[in-house]
Amino acid sequence: MVDFIADYYNKIETYPVLGQVQPGYLRTRLPDTAPYCPEPFETILNDVKNDIIPGMTHWLSPNFFAFFPANVSSAAFLGEMLCTAFNSVGFNWLASPAATELEMVVMDWLANILKLPKSFMFSGTGGGVMQNTTSESILVTLIAARDRTVDVVGVENMRKLVVYGSDQTHSTYTKAAKLAGIHPRSIRAIPTTADTGFALSPVLLRRVIEADVAAGLVPLYLCATVGTTSTTAVDALERLTDLAKDYGVWVHVDAAYGGSACICPEFRHHLDGVERVDSLSLSPHKWLLSYFLDCCCLWVKNPGLLVKALSTNPEYLRNKPSDSDLVVDYKDWQGFIKSDPRFEIVVPRRFSLVCFRLNPFSWSGLGYTELLNRKLLEWVNSTGRAYMTRTIVGGVYMLRFAVGATLTEERHVIAAWKLINEGADTLLKGSFYAV
Ligand SMILES: *Cc1c(COP(=O)(O)O)cnc(C)c1O
C-alpha cells in the first residue's frame, strides 16, 4: 500500500485534475453485491487504479487551484499513520491521557504562534479544542452563546434570539443557526458591497441590531470572517467587537482559511481585535499542511460555557502551561493577471486566492462577460490540466484561483496561466463570429 501511495504521488500530474467521468460511472463497473470470496491484494489495488482513480478529483495535484487547497505534508502523513495505528479514542482524559494532553499542548502552541491573547489558552484562562469542521465550531459556540443568553432572558424568549453575519459568511452558518434552534427569519445576512471589499460594514450592522432591539428582539451572536470563502474579505474585528460589546453579543471569528496566514507577522493585523472576541476557529486542513481529517481548531475564552451547554467531559479544561514555537513557511504568487489587459482582478488579493475575470471589451454587458467567463472556466477545467472554481459576489461572476497545494511550484502556476490564456484566445476568436 505504501508503494502504491508513493506511486500515486509520483504520477499525480499525469491524471486529469478534475475527474472526467459521468454520474453513475462506478455502479456500472462494480458488482451489485460485495465479493463473496476474498481477493488478492493486487486485484484490489488494480480496481483502485482502474475504477477509483479515474473518478477522483485530485486535490493534491499541483494543478489544483479550486476552492481552497487541501494541502498536506510528509509530517502530516506520518502523523496520520501513527494515529491510525494507535486508534486512540480520547473522549475523556482517562480514555487516553496522552491524547487529551497533547491536544491541549498543541492548541496552546498554535495559539502562541498566532499571538492569540492568553485568554484563549490553557496557560491563561481559556482553551482550545479540535473540532471536525468549521461548521461544528460554529454550532457548538452558538449553542454555548444561546444557553448563556437564555439563562438571562428565559427560555420563553428563545424565539426572539437573532444572529448576525454578512452575505459573505460561509453557508454553514445558516445551517448551524437552524440546528441551534434559531428561527430562519432571525438569521441576518447583512449585504456587503465592493466599497468595503465585501467585508461586513459595522455601520450597517449597528443599524440592523438597533432595529432588532427596537422591535423587542434579542441580539445573540455575530459570526465575523477573516478570509471569506468567495473572495477572502476580512471583517474588521476591532470595530465589530466594539459594537457587539454594547449589546452583549457573542462574537465568533471564522478564520478557517485566512487564519493560517496570520501566523506571518505581515498578516497578523487581520486578527487585530481578536482579544475582544469570544471564540475563534481555524482549519489547519485548509492551509496548514494537515490532512482533511477532524482538524478545525477552536479556541474559546470561556470553555466553561461550552461545557455547560454541551455537557461534554470537562477534563480538557485542566490548565496545562505550555511554551513552545514552530515555524511554517508560505508561498504566495501574483502578478500575471495585471500584465494582461484582457483580464482584471476583481477584488484585491489578500492571501493566496486570486479572484479575477476575463473582461476584454469595455462595451460588453455583465451578461456577456459572465458567459465568457463561464465558458473559459469550463474550457480550462475540461482539459484536466488545471482545476479552478468560480463565485458570484456583488453580482459579478469571477474565477477563483487558489494557490497552495503542497506540490505546486511556480512552474505549475505559470502553466495554468498559459492554459487560461489559451482558453481566452480560443474563446475570443470564436466570439468574433458570435458577436
Ligand atoms: C471552508 C470554510 C468553511 C467551511 O469549513 P468546514 O470545515 O467544511 O465546515 C467555513 N468558513 C470559511 C471561511 C471557509 O473558508
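What you see is a predicted model; the values in this text were computed from it and never measured. Counting convention: from 1, in listed order, for ligands and their atoms alike.
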statement: Residue set satisfying side chain to side chain contact (heavy atoms under 4.5 Å, CB included) with V150, at least two apart, ordered chain then number -> R146, V155, M158, L161

message: List the residues meeting salt bridge (charged side-chain N to carboxylate O under 4.0 Å, His left out) with R390, not counting sequence neighbours, and say none if there are none.
response: none

- prompt: Which word best sums up how the rings of Y291 and F77 line up, parallel for under 30°, tilted for 30 to 60°, or perpendicular for over 60°?
  reply: perpendicular

field: Residues in contact with ligand 1, criterion: heavy atom under 4.0 Å
entry: F68, T133, T134, S135, H170, T225, G227, T229, D254, A256, H285, K286

Residues which pass salt bridge (charged side-chain N to carboxylate O under 4.0 Å, His left out) with E370, listed by chain and number, not counting sequence neighbours: R374

task: Spell out, as yes or no, whether a donor-acceptor pair under 3.5 Å connects the side chain of D278 to the backbone of V300.
output: no

message: Once you measure the plane-to-plane angle for F343 and F356, does it fall in the parallel (<30°), tilted (30-60°) or perpendicular (>60°) bin?
response: tilted

